[in-house]
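Heads up: the structure comes next, in structure tokens.
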Amino acid sequence: MEELKNRIDLSAFAAKVEELRTKIGTIIIGQETAVDLLLTALMADGHVLLEGVPGVAKTLLAKLMAKLIQADFSRIQFTPDLMPSDVLGTSVFNLKTNEFEFVKGPIFSEIVLIDEINRSPAKTQAALFEVMEERQITVDGFTRSMGEVYMVVATQNPVEQEGTYRLPEAQLDRFLMKISVNYPTAKEELAILKRHNENKHLTQLTDIQPILSKKELLAFRRLVEQVIVDESLLKYIADIVVASRNSKAIYLGASPRAGIALLNSAKAYAILQGRDFVIPDDIKYMVIPVLQHRLILSSETEMEGRSAATVIKLLIEKIEVPK
């Protein structure tokens, strides 16, 4: 692969990204990896599944990111009794006009936080299929499109099983990436306690002003589209996807949509690192967040206690990296 140098001026982009990271750091201590991946998904125009145990700031991170972008925000708390109409909206008869009027549900926004997404049954989960893939909703024979800025950020707890429902594979495949929000380190834990002890409000979001306008976000996404990807790296992505389908450790491998998601994520991550070209490390860094929720492991692999992330690591070690 030939040596590449930046051809696009990324100074304005870099300044905004640094401002976003700094502001997030004043509210949330640690979680730098999760923040970087969330910003990558934002620039790549994809949906995100945040997974972590209760109390690790999943919801706070999603709400904070929405606050920092000048976009409409809505939150949906998924529960076992939630109906599709509670999410999408419903037609209501207007006595004054003698006509039915469609009342939009909370899914009609620009950044949508779905809290505890695995708490609702399959019929409510299925209500998200169309809007997550096609950015539109069809109700009562009418199709209503979402705006240019549209992103679903969902959270789920991987440990608690009672009162939860497994997400359909078709829905998981619509998330650009799954981000694991882990426990803070001992040093970060101490910093959190110190800040609370000093009465500094970690979760005070009401005074936060947007840093990124919709116009700027759309302009930055156009920059991502211009990121250069060498043909050898396209083959590298294809080799990874095909290898996942041929591995004995994996029952269901990655789809073509997964390969496109890996490409887009690598381009967005590259530009966040200050480059307008992708290198192999960008792909290797993004491969686990992009693929781990899309693969179904074989029963033997599950009995051995291996995770999807572990299987993916072993998989890419066997694939030749472009030079």
Side-chain angles (χ1 to χ4, degrees), residues 4 6-24 33-50 61-74 107-114 130-136 145-154 173-179 209-230 233-234 237 256-279 282-283 285-287 289-290:
L4 295 171
N6 277 355
R7 303 177 187 181
I8 303 172
D9 182 7
L10 300 177
S11 54
F13 178 89
K16 278 291 180 182
V17 169
E18 187 56 36
E19 194 177 352
L20 285 168
R21 285 185 177 131
T22 301
K23 177 57 74 174
I24 292 171
T33 300
V35 169
D36 256 11
L37 291 174
L38 195 55
L39 289 173
T40 301
L42 178 68
M43 297 304 168
D45 192 15
H47 309 299
V48 168
L49 179 62
L50 294 174
L61 181 57
K63 288 171 67 178
L64 177 57
M65 192 197 70
K67 274 279 188 181
L68 294 173
I69 301 165
Q70 198 176 45
D72 293 335
F73 171 74
S74 68
I107 201 70
F108 283 88
S109 191
E110 291 175 316
I111 295 181
V112 181
L113 167 61
I114 299 178
E130 182 183 12
V131 71
M132 289 183 67
E133 177 63 20
E134 301 176 48
R135 313 295 172 97
Q136 65 180 34
S145 298
M146 301 299 172
E148 286 185 285
V149 174
Y150 189 75
M151 183 180 187
V152 172
V153 181
D173 202 34
R174 283 163 165 78
F175 284 106
L176 180 74
M177 64 179 78
K178 182 175 84 171
I179 301 173
Q209 298 299 314
I211 289 175
L212 196 64
S213 70
K214 284 191 285 187
K215 185 178 180 181
E216 287 172 322
L217 175 57
L218 293 172
F220 291 156
R221 284 179 176 175
R222 285 192 290 271
L223 284 181
V224 172
E225 293 171 1
Q226 297 174 45
V227 171
I228 299 165
V229 186
D230 190 81
L233 294 177
L234 294 177
I237 292 172
R257 184 193 281 141
I260 295 168
L262 184 53
L263 171 63
N264 292 338
S265 299
K267 291 168 73 172
Y269 184 71
I271 209 168
L272 281 168
Q273 306 311 304
R275 287 179 276 101
D276 68 352
F277 55 91
V278 172
I279 62 174
D282 298 328
I283 298 168
Y285 185 81
M286 294 308 309
V287 69
V290 170

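Positions are given from 1 along the sequence.
Put simply, CE on Met286 and CD1 on Ile237 are 11.0 Å apart, with the number rounded to the nearest 0.5 Å. To the nearest 0.5 Å, atom CD1 of residue Ile228 and atom CD1 of residue Ile279 are 13.5 Å apart. Taking CE of Met132 as the start and CG of Leu176 as the end, the distance is 10.0 Å to the nearest 0.5 Å. The distance from atom CG of Leu49 to atom CZ of Arg174, rounded to the nearest 0.5 Å, is 14.5 Å. Note that CZ of Arg135 is 12.5 Å distant from CD of Glu130, once rounded to the nearest 0.5 Å. With values rounded to the nearest 0.5 angstrom, Leu38 atom CG is found 6.0 Å from Leu50 atom CG.
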Task: side chain to side chain contact (heavy atoms under 4.5 Å, CB included) assessment of Val17 paired with Phe220 - done: CA-CA 10 Å; Val17 169; Phe220 291 156; 6.0 Å; no

Open item on the list: Set out, in order, the CA-CA distance, both residues' side-chain angles and the distance that settles salt bridge (Lys or Arg N to Asp or Glu O under 4.0 Å) for Arg221 and Glu148, then state yes or no.
Closed with: CA-CA 11 Å; Arg221 284 179 176 175; Glu148 286 185 285; over 6 Å; no

- [ ] List the steps, then state whether salt bridge (Lys or Arg N to Asp or Glu O under 4.0 Å) holds for Arg21 with Asp36.
- [x] CA-CA 8 Å; Arg21 285 185 177 131; Asp36 256 11; 2.9 Å; yes

Open item on the list: Run the side chain to side chain contact (heavy atoms under 4.5 Å, CB included) test on Ile69 and Met151 for me, step by step, so that the C-alpha distance in whole Å, both residues' side-chain angles and the decisive distance to 0.1 Å come before the verdict.
Closed with: CA-CA 12 Å; Ile69 301 165; Met151 183 180 187; over 6 Å; no

Open item on the list: Please determine whether side chain to side chain contact (heavy atoms under 4.5 Å, CB included) holds for the pair Val131 and Val112, giving the CA-CA distance in whole Å, both sets of side-chain angles, and the decisive distance to 0.1 Å.
Closed with: CA-CA 11 Å; Val131 71; Val112 181; over 6 Å; no

Task: side chain to side chain contact (heavy atoms under 4.5 Å, CB included) evaluation trace for Lys63 with Phe73 - done: CA-CA 8 Å; Lys63 288 171 67 178; Phe73 171 74; 4.0 Å; yes

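Between Val290 and Ala261, the closest heavy-atom pair is CG1-CB, 3.9 Å. Of all heavy-atom pairs between Lys16 and Ile211, the closest is NZ-O, 2.7 Å. Leu234 and Val229 get closest at one heavy-atom pair: CD2-CG1, 3.8 Å. Heavy atoms only, all atoms of each residue included: Val224 and Asn264 are closest at CG1-O, 4.5 Å. When every heavy atom of Val227 is checked against every heavy atom of Ala270, the shortest pair comes out as CG1-CB, 4.5 Å. The two residues Gln70 and Pro210 make their nearest non-hydrogen contact at N-CB, 3.8 Å.
In this structure, Glu110 and Leu217 have side chains that are not in contact, with every pair of non-hydrogen atoms separated by 4.5 Å or more. Taking 4.5 Å as the limit, some side-chain heavy atom of Leu64 sits within range of a side-chain heavy atom of Leu68. Side-chain contact between Leu272 and Phe13 is present, with heavy atoms from C-beta onward closer than 4.5 Å.
With Lys267 contributing its side chain and Val278 its backbone, the two residues share no donor-acceptor pair below 3.5 Å. The backbone N or O of Ala268 lies less than 3.5 Å from no partner atom in the side chain of Thr40, so there is not a single donor-acceptor pair.
The aromatic rings of Tyr269 and Tyr285 lie parallel to each other, their planes meeting at an angle below 30°, with 60° marking the opposite boundary.
No more than 12 heavy atoms of other residues, nucleotides or ligands lie within 6.0 Å of NZ in Lys23, so this atom counts as exposed by the packing criterion.
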